[in-house]
Structures are given as structure tokens and as C-alpha cells.
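Written out below as C-alpha cells is the structure these notes cover.
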Amino acid sequence: MSLYQRACRVIPGGVSSPVRAFGSVGGDPVFIARASGPYLYDTNGREYVDAVGSWGPALLGHAHPEVVAAVQAAAARGLSFGAPTQAEVELAEAVRFRVPEAAKVRFVSTGTEACMTAIRLARGATGRDLVVKFAGCYHGHSDGLLAAAGSGVATQGLPGSAGVTAATAAQTIVVPYNDPDALEAAFAAHPDQIAAVITEPAPANMGVVPPRNGFNAFLREITKRHGALLIFDEVLTGFRVGYRGWWGLEQSSVERVETTPLAEAPDLFTFGKVVGGGMPLAAIGGRAELMDLLAPVGPVYQAGTLSGNPLATAAGITTLALADESVYQRVDAASSALQGAIGAALDSAGVPHRVQAAGSLFTVFFGDFDGPIDNYAAAQQQDSAAFARFFHAMLDAGVALPPSGYEAWFLSAAHDDAVLNRIVDALPAAAQAASRS
Ligand SMILES: *Cc1c(COP(=O)(O)O)cnc(C)c1O
């Protein structure tokens, strides 16, 4: 019996999170025994170049020796105390150093909790019930945020989730991404009832679908005009696409993100993935008076036995300390080079496709597209069968891609030229496979 068969006997679908199953690409998921730098090793000892990076956290590469040493040292001091620690203060200070607009920070264990808490905080602050989210954006699996949630939900081909009550679903208004008119209409239809608009400021859970020039600035303006809060869910982009996350990239209008800067910061940020350095840790941040609405100072309750866990904070502090500008430059350069090579390989095999990027995050959409893929409906036009053929050819050649066309590729500072060349060498055959229908 294979490990996967054994897993399926005791774990639904054999996986602890649906995106790990090969639902949309077919075949059995690869079970990983260990990872190092840019490489994964399966339970048979086979090596793969990894382009998943644990879905984001592995910015420095897997098992960075300094991060591992920090976690080991923390573990020797105790796994969890249920009491405040100096490490939480240091990590909060490190987050605030990069994103001063997150003046106060509350740590939780998952991005799901961070977004759920941000929504509760927005409702508590405004006394309003409704929340607006964009179709195709993923903000974790809490009931109210699962509508048209992209990512794993999209990969399973589900509109949302069973088990969410109609009453809860009715409190989430879903509008198409990159569509100012739809958002104006939502506010007009629900005057003084919308607590917050939550967005991925550069969506990467419906595949990478960057904001149109000025869209985030528009979100700031319309929320302010209607007395609603704006939540930037940077669980994925935060400290991955740049030193200060997507917010920082937009504000500095760096070369690759030409856009109108926001007039003012978003009210709340959520962070996860990189901020925990591969351990279960996420955060909510915002200006002090808003964050102080959280218990024990304010009336909005939120808690967690393992929140701010000492191993997780050690991993986060060390990861952020090591992730200097040169790390982001390396990941950016690796990403640009790879995007170019993928485009060239697919072009020469005559495979219609579109590569879309937001900072170093990118997705290869298979299919014929006239222009930019701007929203979830457009992303759903992709040729999933061509992606599946491409995915399996890459996997056969020892390159592990995210097993869904609705995900971004994640590179790391450990993806040097030799590693990239292994990916590039696998491209021609994979492009040929994608072209055969
Ligand atoms: C991954 C992700 C989440 C959920 O984080 P978990 O730690 O998986 O609960 C929320 N928002 C965005 C944008 C994400 O990419």
C-alpha cells in the first residue's frame, strides 16, 4: 500500500489542506520527507526543485540554517508558555519597522484567524454588519469569507462551501475584482451598512491578477467616502514581494509597480506566511486606536492558546532579520528570468498562454487571452487541462510546481542560476506536453 493510500484511510483525501491534493492536475500527491534551500525530497529520496515554497513562507529557501538554529534554541527554552514573551515584542517591532502604518500588531497562528479577526474588528469599530470581498480573492476559510474564494476552492471547482449558513453568506457582498462601478453599486445598495472592504492588494489566489493602475487608491477613496474600513490582506504578499510588502511597493511606485499611490494607508493589514518563517504565525496590524479595540483593552474579543508561540516568533524574527533588500532583489531577478524563459519555451512550442506577475509572484495562464486577465471570471477561462499536462511533465523532470493553475509560483533567495537552469531545462518538454491535447 502506498503512503497516499494509507493517508486516505485516515485523513480525508489524504491531505491536511485541500490545495496539497492533486485534485485539478490528477495523480497522487508527492509526500515530502525533507527540504533544503530550493529543493524538496520525497519519501523515496527523489529531489525536486521547488517552486511552491510552502505556499510562500520559504522566502530564504527551506531550512535556512540560521532560522533552524533560532527555532532549535527557542525549543530548548520551552515550547509554549501561555504568557507574554520578549520575542513577541521584537517581532511586532520588526513588523512595524517595515510597515509603520501597522503601529500595533496582534499575533495569531494562521492567516485565516488574522482575516477573521480583522473583519470582527472592522464590525466592532463601525457598528456595521456587511463586508465586501472580491471574487477570486482568498482570505482564509472562515465562514463569511469563503464566498467565491479562489485558490483551493477554485481548484476544487466549488462556488463556495457547504456548511456556511445562508445568514452568514448574506453578510458578505462579492463583487468582481478591478471593477470600480460594481463597488460603487454595492455601496449605493447598502448605505451605511458596509463595515469593510477586504482585498488582496495584489491578488494571487485566482492566479496572479494585479490591480489595475489606481485600483487600490480607488478602494481607499471609496471606503473613506462611505465610512467603511479598508483591509489589505497581505498574508501572501507581505514581506514576500518586497521589504514592505505590496503596500510598500505601491507607495514607492517602484519600476515594476507603476500606479497611483494611496492617499492614506489602509486601516488594517493582515500578514502571514513569510512573517512566520515557515511556522504557524500570522498577524493583524493597524493604527493604535483601532487595534486597541481588541481585548483586553477594547470590546472586540480575540484570543489564542498558541498565539505568538515562541518557536514561531523565533522563526519570524530570524527570517525578517535575514530578508534584506538583497534577498528581494535576488528573488525578483530569478522571477523575471524564469518568466522570460517560460514565455519563450511556450512560444516556441506554439502554446497560447499569458504570464501575469505582481512583484516576484507570477502565474502562467494557459489559453488564448486577448488582454490582461483582470478578474476571476477571466481567470476561469484558462485551459486547466494544458496546465495539468505541463505540471506533470515538470514534475517528471524533477520540478515541483503548485498543483493548480489558480496559484502563484514562489521562488526564493536560494534559487540561484544553477537551480533556475534546472527549471529552464525542463521547460521545452513540458511545453511540448502542454501543446498536445
Ligand atoms: C494563505 C492566505 C490566507 C490564509 O492563511 P492560512 O494561514 O492558510 O490560514 C489568507 N489570505 C491570503 C491572501 C492568503 O494567501
Side-chain angles (χ1 to χ4, degrees), residues 15-21 52-59 99 106-120 122 131 133-156 161 172 174 177 196-211 216 219 230-241 245-247 249 266 268-285 302 304 306-309 312 315-316 319 358-363 376 379 402-404 406-410:
V15 292
S16 296
S17 188
V19 291
R20 297 175 197 172
V52 184
S54 185
W55 302 92
L59 177 69
V99 182
R106 170 62 56 87
F107 293 115
V108 292
S109 298
T110 65
T112 294
E113 285 179 272
C115 294
M116 181 185 81
T117 300
I119 296 291
R120 186 179 303 145
V131 169
K133 80 173 285 289
F134 296 105
C137 284
Y138 181 64
H139 306 293
H141 63 95
S142 70
D143 283 4
L145 292 172
L146 268 183
S151 194
V153 190
T155 304
Q156 310 296 314
S161 171
T172 305
V174 181
Y177 191 66
V197 172
I198 185 166
T199 188
E200 292 181 65
N205 282 294
M206 53 178 134
V208 172
V209 173
N216 283 328
L219 296 185
L230 176 62
I231 303 167
F232 263 25
D233 175 0
E234 295 225 42
V235 168
L236 200 157
T237 50
F239 317 125
R240 170 156 272 281
V241 296
W246 186 265
W247 156 248
L249 284 190
L268 291 170
F269 293 86
T270 55
F271 301 110
K273 299 191 169 111
V274 171
V275 77
M279 296 289 289
L281 184 138
I284 313 109
Q302 183 281 328
L306 295 177
S307 293
N309 173 269
T319 297
S360 60
L361 299 166
F362 69 91
T363 296
Y376 189 34
S404 163
Y406 290 100
E407 305 288 356
W409 297 38
F410 299 93

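Being a predicted model, the structure only gives us computed values, none of them experimental. Indexing begins at 1, ligand by ligand and atom by atom, following the structure's order.
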Is a side-chain donor or acceptor of [X] paired with a backbone partner of [Y] at a separation under 3.5 angstrom?
X: E234; Y: P201; answer: no
X: T112; Y: H141; answer: yes
X: T363; Y: V208; answer: yes

For this session: Report yes if the side chains of T199 and Y177 come closer than 4.5 Å at any heavy-atom pair, otherwise no.
Result: yes

How about R106 and Q302: does a side-chain donor come under 3.5 Å of a side-chain acceptor? yes

In this structure, OG1 of T172 is separated from CG of L145 (nearest 0.5 Å) by 6.0 Å

Expected contact list for ligand 1 at under 4.0 angstrom, heavy-atom basis, is T110, G111, T112, Y138, H139, G140, E200, N205, D233, V235, L236, K273

